[in-house]
Each structure stands twice: as C-alpha cells, then as structure tokens.
Amino acid sequence: MAASSLDQAKQAVRTQVWDSLTAADAVHDASVHGRIPDFKGAGEAAARLAALPSWQYASVVKAVPDKAQLPVRARALEEGKTVYMAVPKLATLKPFYLLEPAALTVPPAEAADSRTAAAIAPAVEVDALRPLDLIILGSVAVNRDGARVGKGAGYSDIEFALLAEAGLVTPKTLVVTTVHALQVTEKPIPTSGHDVGVDLIVTPAETIVCPNSQRPSGIHWPDLTPEKIAAIPALAARCSARLMPGKGST
C-alpha cells in the first residue's frame, strides 16, 4: 500500500473510533478528535492490568505521558516500580523523565501527572535507561491482532525504535495498551515496517492477548524525513553518529 493510501486508511480508522467514543459519551475530552482518548474507565483498566502476573513481576516500566495512562503510571509508582515517561514530542536530547518511587517529593498520583513529572523528575538520555519489563502505549484504535494506531504523530513508534536500538527492549518486554472497549476495532488496521504493535490490550472489562504483534528492532531511517529527525534531538544525535567515518551509514 502506498504511503498516502496507508495514511488515509489509518485516518479512517481513527475517525471512526473518535466518532464512536463521542457518540457514546465515553471520554472526558471536550473534543476527542486529534487526541489519544482520555477514556472513561481508565482507572478500571489500570486496575485490571495491575492484577496480571506480568505486571506484578515487572519492576521497570516505560509509559506514555497521555492522560488516559495516568492511572497506570500512578499505580506503577505506588507499587514501587521505576517509571520512565517520555518527554512530550521527545523535544530534548534527554527524552525521558525518570520517576523513582523512593526519590519522589510528591505523592505517586501527583508525580504521575505529566506536568508534575516535568517539574520534579530528572530527564535522562536513552542509554541511561534500564532494560524494560513493560512498555505502556496510548492508542486511538487497536485490533485483536495487536495492530494499533495513535493520533498520527508517530512519537510512540520513534520512542520504541530508539529503545529497541539501544537494546532496552528484550524478547521478554511486554507491550501493552489500555483503551476503552470502543477503541478495539474489528476492522483491519494497515501497518508499515516502523509501526509498533501490542502484545496485550486491556479495557475496563477485558484482557486481550495479541499473539502476532509487530515489533520493530530499531530505527527505520528511510521512513523519517530530515525535518522529523531534526525535530527530535535524540534522533538527530544518532543520525549524526551513524554517518560519522567509521560508524557506517546503514
């Protein structure tokens, strides 16, 4: 599928889900279009996730900064897990905030808020992270095969690629998204090589195992425009490093 057709197909899935959530009054957002939905029942989905053995065994979690996943981040901190949260738009050379429960100066539920985290948590470079047990993604839509789409900016895919290339994503790392039931679509979701799938979908009422999720092994440079690379300092630094003499250019 050509890139433009792929983008149009993904956008059609997003629009259908945003419209369904709006019609069902299933979100807290005044307007959900263009956003990762802050869905009603996010706390229940976080509690369902926290009851799973894979969650209980995890000690290091990487999470998106979206509001829908705030209950997951708070739960992780309350239970003593290390949480890395992405800096919005990966806008700094150190693109992750480090939230260590023992070092928090505010309650976990406050620290888990993206604005508070930005004020109290140190930012760290990719290579400073510990290997990840769980990766928590926000989604606009997912299907039972594990294919997902975000809001279209591509930041979750780039985060994953940076982490995978640094060796921080292992075969044991579980990729999870928490969503409203209306975000689980029966329609095919088109994907390309850089798209990250999920191993597990958790709604307030259901846990769905996705046996064939897609997992890129690193950064797919041909899919990135010079403008996108320049806008993300961690990407720009790696791009420069790979083009240096002796570093190779593949």
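Throughout, residue positions are numbered sequentially from 1 according to the sequence presented.
With salt bridges taken as basic N to acidic carboxylate O contacts below 4.0 Å, none links R48 and E44. Using a 4.0 Å cut-off between a side-chain N of Lys or Arg and a carboxylate O of Asp or Glu, K10 and D195 qualify as a salt bridge.
Listed by first and then second residue, the side-chain hydrogen bond (donor to acceptor under 3.5 Å, both in side chains) pairs that reach into residues 154-166 are K62-E159, sequence neighbours excluded. The ring pair (Phe, Tyr, Trp, His ring centres under 6.0 Å) analysis of residues 29-88, with sequence neighbours excluded, yields the pairs W18-H33. Pairs of residues two or more places apart, or lying in two chains, that qualify as side-chain hydrogen bond (donor to acceptor under 3.5 Å, both in side chains) and include a residue from residues 90-115 are T82-E100. Within the structure, salt bridge (Lys or Arg N to Asp or Glu O under 4.0 Å) pairs that include any residue of residues 167-191 comprise R144-E186 (at least two apart or interchain).
The shortest distance between side-chain heavy atoms of S54 and L174 falls below 4.5 Å. L104 has its side chain within reach of L99: a pair of non-hydrogen atoms, C-beta onward, lies under 4.5 Å apart. At a threshold of 4.5 Å between non-hydrogen side-chain atoms, the residues C210 and L200 do not count as touching. In this structure, V176 and L134 have side chains that are in contact, with non-hydrogen atoms separated by less than 4.5 Å. At a threshold of 4.5 Å between non-hydrogen side-chain atoms, the residues L90 and I158 count as touching. L21 places none of its side-chain heavy atoms less than 4.5 Å from the side chain of D29.
T173 and D133 share no side-chain donor-acceptor pair at under 3.5 Å. Of the N and O atoms on the side chains of Q69 and T178, at least one donor lies less than 3.5 Å from an acceptor on the other residue.
Proximity of a side-chain donor or acceptor of T15 to a complementary backbone N or O of A12 within less than 3.5 Å is not detected. With hydrogens and angles disregarded, a donor-acceptor distance shorter than 3.5 Å links the side chain of R73 to the backbone of D66. Not one N or O on the side chain of E125 forms a donor-acceptor pair closer than 3.5 Å with the backbone of L93. At least one donor-acceptor pair closer than 3.5 Å links the side chain of R14 to the backbone N or O of G150. Using a distance-only test at 3.5 Å, with no hydrogens or angles considered, a donor-acceptor pair links the side chain of N143 to the main chain of D145. Using a distance-only test at 3.5 Å, with no hydrogens or angles considered, no donor-acceptor pair links the side chain of R148 to the main chain of V142.
Under the salt bridge (Lys or Arg N to Asp or Glu O under 4.0 Å) criterion, R35 pairs with no residue at all, not counting sequence neighbours. Contacts of D199 classified as salt bridge (Lys or Arg N to Asp or Glu O under 4.0 Å), with partners at least two apart in sequence or in another chain: R215.
To the nearest 0.5 Å, atom CD of residue Q183 and atom OG of residue S20 are 10.0 Å apart.
Contact record, A58 with K81: O-NZ, 2.7 Å, taken as the closest heavy-atom pair. Of all heavy-atom pairs between A234 and P95, the closest is CB-CG, 4.1 Å. Nearest heavy-atom pair across A117 and A111 is CB-O, 3.5 Å. Residues G34 and K151 share a closest heavy-atom pair of O-CD, 3.6 Å. In plain terms, the two heavy atoms of A109 and A74 that are nearest each other are CA-CB, 3.9 Å. In this structure, S139 and V179 approach most closely via the heavy-atom pair CB-CG1, 4.0 Å.
Within a 6.0 Å radius of NZ in K67, no more than 12 heavy atoms belonging to other residues, nucleotides or ligands are found.
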Open item on the list: For D127 and R238: C-alpha separation, side-chain torsions, deciding distance, then whether salt bridge (charged side-chain N to carboxylate O under 4.0 Å, His left out) applies.
Closed with: CA-CA 11 Å; D127 292 334; R238 288 184 182 264; 2.9 Å; yes
Open item on the list: What verdict does the side-chain contact (heavy atoms from CB on, under 4.5 Å) test give for V175 and L137, after you've listed the backbone C-alpha separation in whole Å, the side-chain angles of each residue and the deciding distance to 0.1 Å?
Closed with: CA-CA 7 Å; V175 184; L137 299 182; 3.7 Å; yes
